[in-house]
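As C-alpha cells, the structure follows; a few thoughts come after it.
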Amino acid sequence: MIDARRRRLLQATLAFALAGRAHAACRPSKPVADEPLRRLPELALDRSVSWGARGVLRAAPLDLAVAGQPARLLTYGETYPGRLIRARAGETFALRFENRLDIPSNLHFHGVAVSPSGNADNVWVVTPPGADFDYELPILEEEAGLFWIHPHVHGNTARPLFAGLAAPLVVENAIDRESELVQAEEHVLVLKDLTVENCAAAPHRPTDWILGKEGEMLLVNGQIRPRLHARRSLLRLRLVNASNARFWKLALDSGEPLHLIALDGRFLESRVEIDELLLVPAGRAEVLIDLSHGGTRRLIYKPSPRRGLNETPVQPVLTLLPPDARQPVALPQRLATLPRFDETAVEAQRPVQLAALMINHRAFHHRHQGMQVTPTFEVKAGAREIWIVRNDDVMDHPFHLHTWHFDVLSVNGKAPPFAQHRDTIGLRPGDVARLGIHFDRYTGRTMFHCHIAEHADQGMMAVVEVK
Ligand code: C2O
Ligand code: CU
C-alpha cells in the first residue's frame, strides 16, 4: 500500500530521473545542411466516402531530429513541420483532431473560406488534453490554393506553434490540372525557424513576448538549405511562412525574377514578375521558377526591415539544381478573375488601430475564448465594408482576418500594383491600409488579429460578429 504522499514523492523522483536521463542523452551536434530536399509526408485520407475525404490529425510531442539535432518537438502527424494535407475543392473535408498534448488545443484552418461556426473553422472550440474533436469543412467549388493549419487557443498558440504545430493544407482545383501549371514540378515548402535548446524547442524569453520569437535555424521543410534537384524545367514553389514572427524576404541569387502566381490562397489575375518576395508570418505565395536555361540558383533569405530585432544575415535557404534533361517551358499569362470590391455599395467604414499590443485600445483576454466577449465590430450578413487598418505602433504587425479575404484597395493612399485578395497583410509602422471586405456566405463570430503569434497571445486580437 502506498499512501498519496508517498506516491507523489515516487512520481516526483521518477520524473526527475527521467528528466535527468533525457538531458544526459541530449548531445547536440553541428547542424546538418545541404541535404536533398525532402517532400513532406502527406496525411493519409480516406476517399471511399461519397461526400469527400476524411482523415485524422494527431497533435503530440515526439523525439525527432531536425537538421541532425535531436529535439523533442510538437508534431501534427508525427513529423516536423506538420504533415501535408491535400483536400479538394467542392468536397467535404472531415478531419478528426486528436489532442495528445498536455495543453488545450484546437485547429485553425488559416485562410480557408468556410464557416467560422459549428464544427468548421470554429476557433472558439477548445479540445482538452487527451480529447478529440471532429471538424467538417465543406470546401467551396472555387477554392484553390495553399492554406495552413495551426493552433488557435488564446495564450496557447505561440509556444506550440514555435515547437512545431503547423501543417500545410493544399486545396486542389481544376486550374492545377488544366492550365500550363501541369507541366510544373510542384513543391510545398514550409518556411519555419527554430532554435533547439536542451533537445527541445527553445523556451520563450520575456522579450520574445514583445518582439515575437525568432529561431536561429532558417528551415525549409525542416531542413537547413536543402538542395532541390529538379526533374522538370519549370518549378512551382508553394511557400507558406509558418514562423511565429520571422519575416521571410526571398530572392534568387541569379538576379532573375520570381514569377508570382498566387498570394494567400488566391491566384492572381495574371503572372507578375517580382525581384523580391516578402512573406510575413502566415503569408503564402506561389512562384514559378524557370530552369530551362540550366545553371544552379539559390533562393536567398534577406533580412526584412522589421524593427527591434538582431538582423539575421543574408543567406541561401534553398539550392535549385536544374534537371538533367531540360525542356522549353511555357509560362502561364492569365490565371484567374478576382472580382473587384464594389466601393459604391459600402455599408460601413471602420477604423482598426494597431498599437501597444491592442486593437482599438482593447486587449483580448483568455476568458474571451469562452465567447463571453462583446465583439469589437458587429457586421450585417452580406455587407460590404471598408476597414481602414492603421499601424500606429513602432513595430511591424501582420494583420489577419479569419473567414473572409479582403481586397487590398490601397496602402498609404496607393493602389497595389496588381489586384490582390489577401487574408494577411504586413503593415509597417505608420502604414494605413484600406481593405474592402464582402461579408458574404457566412455568419458567426470570429477574429482578426496580428499574426505575430506572441502578439496575438498577448491580446492583439479582436472579435467580429456577422449576423
Ligand atoms: Cu493563422 Cu487567427 O490565425
Ligand atoms: Cu503584432
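Whatever order the structure lists them in is the order used to number ligands and atoms, beginning at 1.
- When distances to the Cu ion (ligand 2) are checked against a cut-off of 2.8 Å, H451 contributes no N, O or S atom below that limit.
- A ring-centre distance under 6.0 Å is not found for F448 and H400.
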Could you walk me through whether D457 and K213 pass salt bridge (Lys or Arg N to Asp or Glu O under 4.0 Å), step by step? CA-CA 12 Å; D457 260 357; K213 188 167 184 63; over 6 Å; no

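- Residue-level check: among N/O/S atoms of H397, ND1 sits closest to the Cu ion (ligand 2).
- A donor-acceptor contact closer than 3.5 angstrom links the side chains of R246 and Y301.
- A donor-acceptor contact closer than 3.5 angstrom links the side chains of R271 and H259.
- Checked against the 6.0 Å centroid threshold, H449 and H397 do not count as a close aromatic pair.
- The Cu ion (ligand 2) forms the vertex of an angle spanning ND1 of H455 and SG of C450; to the nearest 10 degrees it equals 130°.
- Around atom 2 (Cu) of ligand 1, the protein contributes the following N, O or S atoms under 2.8 Å, ordered by chain and number: H152 NE2, H402 NE2, H449 NE2.
- Aromatic pair F377/W387: ring centres closer than 6.0 Å.
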List the steps and the verdict of side chain to side chain donor-acceptor pair (under 3.5 Å) for H402 and H152. CA-CA 11 Å; H402 286 205; H152 213 295; 3.1 Å; yes

